[in-house]
Asker: 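Before I ask anything, here is the structure I am working with.
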Amino acid sequence: QLQASGGGLVQAGGSLRLSCAASGRTFSDYVMGWFRQAPGKEREFVAAINWGGGVTVYADSVKGRFAISRDNAKNTVFLQMNSLKPEDTAVYYCAADSYTAIVRQRGYNYWGQGTLVTVSS
């Protein structure tokens with residue numbers, strides 16, 4: 001089970017840190033990712049990280065502003081979001097990929113409940 005938290009309302013230019021806590025199984029061997037879905041839009045990839053934390057991939061829209069990290073001892077993944085923009089407003093989901101060690105943007109098979117991030121202008 002994956003549970004995302006840390007969302008909220010923030011002004012443009014502000015920061016938020018999302019957390020994704022895993023329970024019920026150990027996700028330390030899995031690729032972990034963050035996705036988001038804005039109102040009226042399809043879910044999109046945001047960032048992903050390999051099991052050891054040494055490989056990260058970001059969507060172009062968040063590159064340089066967001067940072068994904070993980071603490072395998074705590075079975076938790078983080079998404080540090082800086083310089084937030086109104087277009088970052090969305091429900092953010094964490095996910096795990098148990099199928100491959102390759103960091104990719106689709107194919108995740110474990111999903112958590114989302115956390116809402118609202119960025120005001």
Side-chain angles (χ1 to χ4, degrees):
Q1 183 178 359
L2 301 172
Q3 181 63 55
S5 62
L9 175 63
V10 62
Q11 289 188 333
S15 299
L16 280 175
R17 189 191 195 203
L18 305 184
S19 298
C20 174
S23 62
R25 64 169 58 228
T26 299
F27 287 85
S28 59
D29 293 336
Y30 298 166
V31 171
M32 299 295 295
W34 285 96
F35 294 76
R36 66 186 182 187
Q37 186 167 20
K41 294 187 177 181
E42 293 186 352
R43 186 173 61 196
E44 65 176 0
F45 170 81
V46 175
I49 188 168
N50 75 329
W51 71 272
V55 178
T56 56
V57 175
Y58 296 94
D60 288 342
S61 59
V62 306
K63 203 170 292 184
R65 300 187 299 121
F66 290 12
I68 187 171
S69 61
R70 67 191 298 164
D71 184 340
N72 287 336
K74 296 182 179 180
N75 231 10
T76 303
V77 179
F78 305 98
L79 184 68
Q80 177 67 44
M81 306 186 295
N82 301 324
S83 303
L84 282 161
K85 305 175 181 179
E87 50 264 44
D88 294 319
T89 295
V91 177
Y92 284 72
Y93 300 89
C94 62
D97 182 358
S98 68
Y99 292 136
T100 177
I102 298 173
V103 179
R104 54 183 182 171
Q105 298 188 17
R106 55 178 54 88
Y108 290 70
N109 54 319
Y110 291 99
W111 292 87
Q113 292 183 323
T115 184
L116 176 62
V117 172
T118 304
V119 184
S120 62
S121 57

Asker: Sequence neighbours left out, what passes side chain to side chain donor-acceptor pair (under 3.5 Å) with Y110? Give chain and number order.
Answerer: R25

Asker: When the side chains of residues 1-19 are checked against the rest of the protein, which donor-acceptor pairs come out under 3.5 Å, sequence neighbours left out?
Answerer:
| from | atom 1 | to | atom 2 | distance (Å) |
| --- | --- | --- | --- | --- |
| S15 | OG | N82 | OD1 | 2.9 |

Asker: Among pairs that include at least one residue of residues 110-121, which meet salt bridge (charged side-chain N to carboxylate O under 4.0 Å, His left out), considering only residues two or more places apart or in two chains?
Answerer: none

Asker: Only counting residues at least two apart or in another chain, list the ones meeting side chain to side chain donor-acceptor pair (under 3.5 Å) with S98.
Answerer: N109

Asker: Of all residues at least two apart in sequence or in a different chain, which pass the side chain to side chain contact (heavy atoms under 4.5 Å, CB included) check with A101?
Answerer: none

Asker: Show every donor-acceptor pair shorter than 3.5 Å between a side-chain atom in residues 59-69 and any protein atom, with sequence neighbours excluded, or say none if there are none.
Answerer:
| from | atom 1 | to | atom 2 | distance (Å) |
| --- | --- | --- | --- | --- |
| D60 | OD1 | K63 | NZ | 3.0 |
| S61 | OG | R36 | NH2 | 3.4 |
| R65 | NH1 | S83 | O | 2.9 |
| R65 | NH1 | D88 | OD2 | 2.8 |
| R65 | NH2 | S61 | O | 2.9 |
| R65 | NH2 | D88 | OD1 | 3.0 |
| R65 | NH2 | D88 | OD2 | 3.4 |

Asker: Just wondering, do Y108 and V31 contact through their side chains at under 4.5 Å, heavy atoms?
Answerer: yes

Asker: Grab the two heavy atoms, one from T100 and one from I102, that are nearest each other, plus how far apart they are.
Answerer: OG1-N, 3.0 Å

Asker: Any ring-ring contact (aromatic ring centres under 6.0 Å, His included) pairs touching residues 38-64, not counting sequence neighbours?
Answerer: F35-F45

Asker: Would V119 and V46 show up in the same hydrophobic cluster when neighbours are defined by side-chain heavy atoms closer than 4.5 Å?
Answerer: yes

Asker: Any side-chain heavy-atom pair from N75 and T26 closer than 4.5 angstrom?
Answerer: yes

Asker: What's the spacing between T76 OG1 and M32 CE if we round to 0.5 Å?
Answerer: 9.0 Å

Asker: Not counting sequence neighbours, which residues clear salt bridge (Lys or Arg N to Asp or Glu O under 4.0 Å) with R104? List them please.
Answerer: D97

Asker: Which residue pairs pass the disulfide bond (SG atoms under 2.5 Å apart) test with at least one member in residues 14-104, sequence neighbours excluded?
Answerer: C20-C94

Asker: Please enumerate all residues that pass side chain to side chain contact (heavy atoms under 4.5 Å, CB included) together with D71, with sequence neighbours excluded.
Answerer: A73, K74, F78

Asker: How close do F27 and A96 get, heavy atom to heavy atom, and via which atoms?
Answerer: CD2-CB, 3.4 Å

Asker: What do you reckon, is CD of E87 surrounded by more than 12 foreign heavy atoms closer than 6.0 Å?
Answerer: yes

Asker: From the options N50, T56, I49, select the one residue that forms a side chain to side chain contact (heavy atoms under 4.5 Å, CB included) with R70.
Answerer: I49

Asker: Test of understanding: with side chain to side chain contact (heavy atoms under 4.5 Å, CB included), list the residues that count as partners of S121, not counting sequence neighbours.
Answerer: P86

